[in-house]
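This report concerns only the one structure given below.
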There are 2 protein chains.
Amino acid sequence: MQVTSKQIAEMCGVTRGTVDRALNNRPGISAATRDKILKVADELGYRPHFLAQSLVKGETKTLGIVLFDIHNQIFSQLFHSFEAEARKHGYLTYLVLTNKDQELEVEYIHNLLNRKVDGIAISAVNFGSKFEALLLKAGIPIVSFANRISAKLPYVWIDDKQATKAAVRHIADKGYRRIIFVIPPLRYKGTSNIYVPEQRYKGFLEICGTMPDLQYDIVSDRSYLTSVLQLVTQSQERTAILCSSDIYALEVARHLKAHQVKVPEDAGIMGFDHIDVLRFVDPSLTTIDFQVEEIGRKAAELLIENIRGNDIPLRTNVTYSIVEGESL
Amino acid sequence: MQVTSKQIAEMCGVTRGTVDRALNNRPGISAATRDKILKVADELGYRPHFLAQSLVKGETKTLGIVLFDIHNQIFSQLFHSFEAEARKHGYLTYLVLTNKDQELEVEYIHNLLNRKVDGIAISAVNFGSKFEALLLKAGIPIVSFANRISAKLPYVWIDDKQATKAAVRHIADKGYRRIIFVIPPLRYKGTSNIYVPEQRYKGFLEICGTMPDLQYDIVSDRSYLTSVLQLVTQSQERTAILCSSDIYALEVARHLKAHQVKVPEDAGIMGFDHIDVLRFVDPSLTTIDFQVEEIGRKAAELLIENIRGNDIPLRTNVTYSIVEGESL
């Protein structure tokens, strides 16, 4: 049951005005009365009418964050820093998981808007003008990350093209003359928002175009593990396998090992993300670290800046770096 | 800005009553009028006054879940099933992370109550009568999991004592006569809620008490990796190391490997949790699976049952099973 200041006033034998003075720490009453009222309020479990205040102030001090899932550690790491930054500024966070279901994503956005969140951070699976319009007319600040949605919506991430180019250069510097790019999400082109994979794909093609003596293949089919194994075993040239995420790299490494292909002796592997669990993986994976915690923190910071009425940049890039492992 | 049904009425040249009929799908207006009104409402981004309705109905259709962190995959897996079950019933979920900070946990509970969540699921670091009282006077349904708080608060988990006994029996059946139990959280006894580690510790002592020919050591100090390595290398007897979570088991395995102790040839290792990332670990870890997804789903289901005014059991146990790997 909801305790009211009226009940507290009755229990303390004072007026509601006196109770309000005590609860809102306003002058005009004795310390003894104040203490007595606060004690009773506490015993009754009194809570200020946060919702009523929200209606008046037009703010709920809540944020929503829309993620695919938190099975992939880059998103659990990102949420940690987002949530901590939000709390620092007095906001609580709704976490909703779409599992890459486009209808569910739209349903969730409506649910968050109905609950009057003050802002939304989103890693989207939807794309196109209809989805863009839904977010632009939401009437609250929105920050996107991972998959970009629109040039009109603030976006925080890394420069995926440049990062992919750096990875290919690193592989070439290791003496590899043949490279397979494993990027399964590419096959959803046109049906889902694959902004990140597309950027990495473009970066890959651009850099390979500048390296005529580098052979390459792109693998994005559902049975990518079988395809990679075939390409590796059929080739005379020692091959490096660049994967668009650490999870794919770990799956590929496991599959090659199961078929007696040694890493890095027979084939090299490089991932993307630098997720925490890599510390338990052997041989250690060469990968790209892009400070996902900084992206989460920055997304919350920008969202709150914007909620406070300040302009925020439409594009914020964080830096990335290559992490040397034993897999190349 | 907040669009009102009044504005829609003006734009459509109808009364507010007509707009309300259309928005609430009540009879008494033509299909054409209804369609026109809904179209305009959609264009304006109209949203029903969810907060106002919440004040009237006394429910916000929101749940809060309090976790230590989601770095440990058992909690990200648990959240996935909790959030999905909540959504099925029309609830959105606040996820707050305490990182095992006791003051922060209390602050978060107050924040959730201030926002009038309909129920809270919690894996607590606080304990004792003061904390129990805070939750009992919250006035909303609360379900606990992992660390138990009070006999008066519903609790969903496994029988940790029985599961630990099953693990020790499994190790003994493998022919080991010496066992080290690695359980670092034990050192926080008296300062933090360590209900789960304590149950596992009690189960361990009970079963070892029934096996006179089994030597054992308990390791719970901060430098547990060094301690385990010493115990293993000093012993003539081949040793099995049972760890109170998979993460500790993976850390121990990595440390032993770095010091040329082969697993399982020189020492066996068994974990607890069966987290997803184990599929990338080699040799595969023998561990205990306790259906953490089912715990998450059940916690949400019970919470919502209770919110609807139905009684729920104070204790709900899910089942566990031993997962055979190559580490023993």
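All chains are named by letter (A, B, ...) in the order of the sequence lines, taking the proteins before the strands, and each is independently numbered beginning at 1.
Proximity to chain B involves both the backbone and the side chain of A:Glu251, based on heavy atoms less than 4.5 angstrom apart. Heavy atoms closer than 4.5 Å to chain A are found in the side chain of B:Asn99, but not in its backbone. In this structure, chain B has no heavy atom under 4.5 Å from any part of A:Phe75. With a 4.5 Å cut-off on non-hydrogen atoms, A:Leu112 touches chain B through its backbone and its side chain both.
Per-residue heavy-atom pair counts under 4.5 Å with chain B were compared for A:Ile140, A:Leu92, A:Asp276, A:Ile65, and the maximum is reached by A:Leu92.
Rounding to the nearest 0.5 angstrom, the gap separating the OH atom in B:Tyr94 from the OG1 atom in A:Thr62 is 4.5 Å. Between the CG atom of A:Asp69 and the CD atom of B:Glu83 there is a distance of 11.0 Å, given to the nearest 0.5 Å.
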Step-by-step side-chain contact (heavy atoms from CB on, under 4.5 Å) determination, B:Arg87 to A:Leu104: CA-CA 10 Å; B:Arg87 177 179 54 77; A:Leu104 181 55; 3.3 Å; yes
Step-by-step side-chain contact (heavy atoms from CB on, under 4.5 Å) determination, A:Val277 to B:Phe280: CA-CA 9 Å; A:Val277 296; B:Phe280 299 125; 5.7 Å; no
Check against side-chain contact (heavy atoms from CB on, under 4.5 Å), A:Arg279 and B:Leu250: CA-CA 9 Å; A:Arg279 73 184 196 275; B:Leu250 294 174; over 6 Å; no
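Within the 3.5 Å criterion, the main-chain N or O of A:Val281 finds no donor-acceptor partner in the side chain of B:Arg254. Distance alone, capped at 3.5 Å, is enough to place a donor-acceptor pair between the B:His80 side chain and the A:Ile70 backbone. Looking at B:Gln77, its side chain never comes within 3.5 Å of a backbone N or O of A:His71 through a donor-acceptor pair.
Other residues, nucleotides and ligands place no more than 12 heavy atoms under 6.0 Å from the NZ atom of A:Lys39. In this structure, A:Glu265 places its CD atom where more than 12 heavy-atom neighbours from other residues, nucleotides or ligands lie under 6.0 Å away.
Salt-bridge formation is detected for the pair A:Lys257/B:Asp282: a Lys NZ or Arg NE/NH1/NH2 atom is positioned less than 4.0 Å from an Asp or Glu carboxylate oxygen.
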